Q: 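Can you keep this structure in mind? I'll have questions shortly.
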Number of protein chains: 2
Amino acid sequence: MTTVGRMAGVSQVTVSRALSDPDKVSPDTLRRIREAIEATGYVPNAVAGALASRRSRLITALVPSITNIVYSSLLHGFAEIMRQHGYQIMTSEIGFDPAREQETIIAHLSRRPDGILLTGIHHTPEARRMLIGSGIPVVEIWDISETPIDCCVGFSHAEVGRQVAEFAVGAGYAQAATVTAGDIRAQRRRDSFIDRYQALTGSKVTRIDYPAGTATLGQGRDALAALIDRQGFAAGVVFCSSDQFAHGILTEATTRGLDVPGRIAVIGFGDQVFAARTHPAMTTIRVDRDALGKEAANALLQRFRDDAVGPASIDVGFSLIRRESA
Amino acid sequence: MTTVGRMAGVSQVTVSRALSDPDKVSPDTLRRIREAIEATGYVPNAVAGALASRRSRLITALVPSITNIVYSSLLHGFAEIMRQHGYQIMTSEIGFDPAREQETIIAHLSRRPDGILLTGIHHTPEARRMLIGSGIPVVEIWDISETPIDCCVGFSHAEVGRQVAEFAVGAGYAQAATVTAGDIRAQRRRDSFIDRYQALTGSKVTRIDYPAGTATLGQGRDALAALIDRQGFAAGVVFCSSDQFAHGILTEATTRGLDVPGRIAVIGFGDQVFAARTHPAMTTIRVDRDALGKEAANALLQRFRDDAVGPASIDVGFSLIRRESA
DNA sequence: TTGAAAGCGCTAACAC
DNA sequence: GTGTTAGCGCTTTCAA
């Protein structure tokens, strides 16, 4: 900046002003500064800027996985809004390990971000304490809580399970099964599905549970095979924790020549882009992830404006999209 | 740090040393400093550290899209290695717009990252100039070049097209078609497939081209419908630019009761996790994206150690995985 | 409209 | 083993 200033015949501060608030600099000076920047190829140092201004224009995000479309599409919507407002996003994957989350939070806090995005509402007490202590605005997404750290935007996973159970019972399926990934929120949907289904029908729900990690079509196929071949699940509805699983069930059913939904009915979760075009088309739960991410970005931006705002919990809801598979 | 030092009865510098190089501090002092850190909940300020040391421990990455599994799995492998070495990753999506790439590069450069990851080898001359001028190590991935900015790790997309064409001709398919997304590298695979196929057989290849954006199963289905219903493609092999498209072709063929690969043969690209379990199992091109990402991370880490290294181009290759669909 | 001075919270170099 | 000093490249405040 000093060099640019010297070339333009002004001081370093004037260059700073020309960049951050051009209106405060005379048109002529501005022009000379711009020429000098052009000539030198000067690129401002945001690190120094952040240190001096205590604003980093950096948002950090913690998600379980970036290869899982659920989280990456959330981030996509979030980042798009943030980018439009001049913020950049630093993302870390934390899997489903609370210890790793806490460790990562410390690393993120050290970057002095202007805001932090967290996935889910369950964090270690220590992590929660540090976050609150930092004074940095935090938005928790993909779930809702009565007591967010700061604010949260998501929906009730328990409510999803309940509504799916009620739909399944209403549709009159004789038996029910679940195929669930090792994700705390997926488990919450499963548990409330089972509770509600059993309360309504009195009949037991067969469960297939997978360990943590991204759900795959192959696992869905294997699950249906296990259900039929080893668990005596002859016919009924299968509620999956993701569309991938559901797609696998569909694939396996097709391969075996089983009628869907006559023999095996399938309900997915996510309404991913392929769900409307599977054969047969998939019945699933839609959550507008892109909109959810954008909503989260706006919640944070709101907090940057007036910091007097109290805790807020935004429920974006979900909807059951009935297609052909159930 | 000053506060922590005061509590531990040492100066601020000693605290800095205790954090960055604990061996240089006496065990007793170290203990007192650790207690003081614990008591105050002190979190180091990496912004100030980066400014003073000129090392940010930040790597920035530019990818076309984070919701596309191809790029997110690349980043996953890359970030994992980088994290193990104490680096964090800031990612931006740039779509397929060179102007946006250039704009984003400036924003990234201003953060003074220790390294930059770029997708592809085609950048504006201006972007290239700025990158070189910055002196920051750059790794370009997912393609290879004789003249990388700094180093690159990828494979030859033209070679993929050629090999697929040779495979298709060898398998004796009567006609060939391509379904391609609006991605420069996908187009390169398509073009070299067509060139080679026509050179070998003299027969024309039918093309379906989609605009930029993530490829979907639905588009694959629509493509096969268009091929059969409107382009007079009665039988033959279809080379897709992604497994999503190929999965769609498979789905549409199944829906229409067409024999695969007898009537319609399908070749995908990517060997995504579902490819081995589709019905029928998909023939596709495998690129070990996780390994590629890791290789890219190692290339950058190598450059952090000795900066005397010259340009390097690492070809990680690919392989045609023959399953049932072709 | 512009500039001078101070300082953001650290690290690097050197002294003790 | 520990402390002192001098910045890193900006923004902020205040003065002109």
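Quick caveat: nothing in here was measured; it's all calculated off a predicted structure. Letters go in sequence order (proteins before strands), and every chain restarts at 1.
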Q: Nearest whole angstrom, please: distance from the P of C:dG9 to the CZ of B:Arg6.
A: 13 Å
Q: Quick one: is D:dG3 close enough that its OP1 or OP2 comes under 4.0 Å of any side-chain N or O from B:Ser11?
A: yes
Q: Using a heavy-atom cut-off of under 4.0 Å over every strand shown, decide if A:Val10 touches base, sugar-phosphate, or nothing.
A: sugar-phosphate
Q: Can you see which heavy atom on A:Phe304 is nearest to which on A:Asp114, and at what distance?
A: CE2-O, 3.0 Å
Q: Can you tell me the distance, in whole Å, between the CD1 atom of B:Ile37 and the P atom of C:dG9?
A: 16 Å
Q: Do the ring centers of B:His76 and B:Phe78 come within less than 6.0 Å of each other?
A: no
Q: Kindly check if the number of other-residue, nucleotide or ligand heavy atoms within 6.0 Å of CD (B:Glu146) is above 12?
A: no
Q: Would you please confirm or rule out a distance under 4.0 Å between OP1 or OP2 of D:dT2 and any side-chain N or O of B:Ser26?
A: yes
Q: Taking the minimum atom-to-atom distance to the side chain of A:Met1, which one of C:dC10, D:dG3, D:dC10 wins?
A: D:dC10
Q: Calculate the interatomic distance between B:Ile33 atom CD1 and D:dT2 atom P; express it in whole Å.
A: 8 Å
Q: Please check if the side chain of B:His108 supplies one atom and the backbone of B:Ile59 the other of a donor-acceptor pair under 3.5 Å.
A: no
Q: More than 12 heavy atoms of other residues, nucleotides or ligands under 6.0 Å from CZ of B:Arg31: yes or no?
A: yes
Q: Which heavy atom in B:Glu101 sits nearest to a heavy atom in B:His122, and how many Å separate them?
A: OE1-O, 4.0 Å
Q: Describe the nucleic acid contact of A:Val25 in one word from base, sugar-phosphate, nothing, applying a heavy-atom distance below 4.0 Å.
A: sugar-phosphate
Q: What's the CZ-P distance between A:Arg55 and C:dC8, to the nearest Å?
A: 18 Å
Q: Judged by each residue's nearest nucleotide on DNA chain D, which is more toward the 5′ side, B:Asp23 or A:Thr2?
A: B:Asp23
Q: By nearest atom, which of the nucleotides C:dT2, D:dT11, C:dC10 is closest to the A:Thr29 side chain?
A: C:dT2
Q: Between atom CZ in B:Arg17 and atom C1' in C:dC14, what is the gap in whole Å?
A: 11 Å
Q: Report yes if at least one side-chain N or O of B:Tyr42 is closer than 4.0 Å to OP1 or OP2 of C:dC10; otherwise report no.
A: yes
Q: For C:dG3 and A:Thr14 - does any side-chain N or O of the residue sit under 4.0 Å from the phosphate oxygens OP1/OP2?
A: yes
Q: Can you tell me the distance, in whole Å, between the CD atom of A:Gln12 and the P atom of C:dA6?
A: 15 Å
Q: Return no unless some side-chain N or O of B:Arg54 is found under 4.0 Å from OP1 or OP2 of D:dG9.
A: yes
Q: From the options D:dT12, C:dC14, C:dG9, select the nucleotide whose nearest atom is closest to the side chain of B:Ala52.
A: C:dG9
Q: Among D:dT2, C:dG9, C:dA12, which nucleotide sits nearest the side chain of A:Leu51?
A: C:dG9
Q: Taking the side chain of A:Asn45 as heavy atoms from C-beta outward, which of D:dC10, C:dG9, D:dT2 is closest to it?
A: D:dC10
Q: Find which nucleotide of DNA chain D each of B:Lys24 and B:Ala48 is nearest to by heavy atoms, and output the residue with the more 5' nucleotide.
A: B:Lys24
Q: Rounded to the nearest Å, what distance is computed from the CG atom of residue A:Asp21 to the P atom of nucleotide C:dG3?
A: 16 Å
Q: Under 3.5 Å, is there an N or O donor on one side and an acceptor on the other linking the side chain of B:Arg112 and the base of D:dG9?
A: no
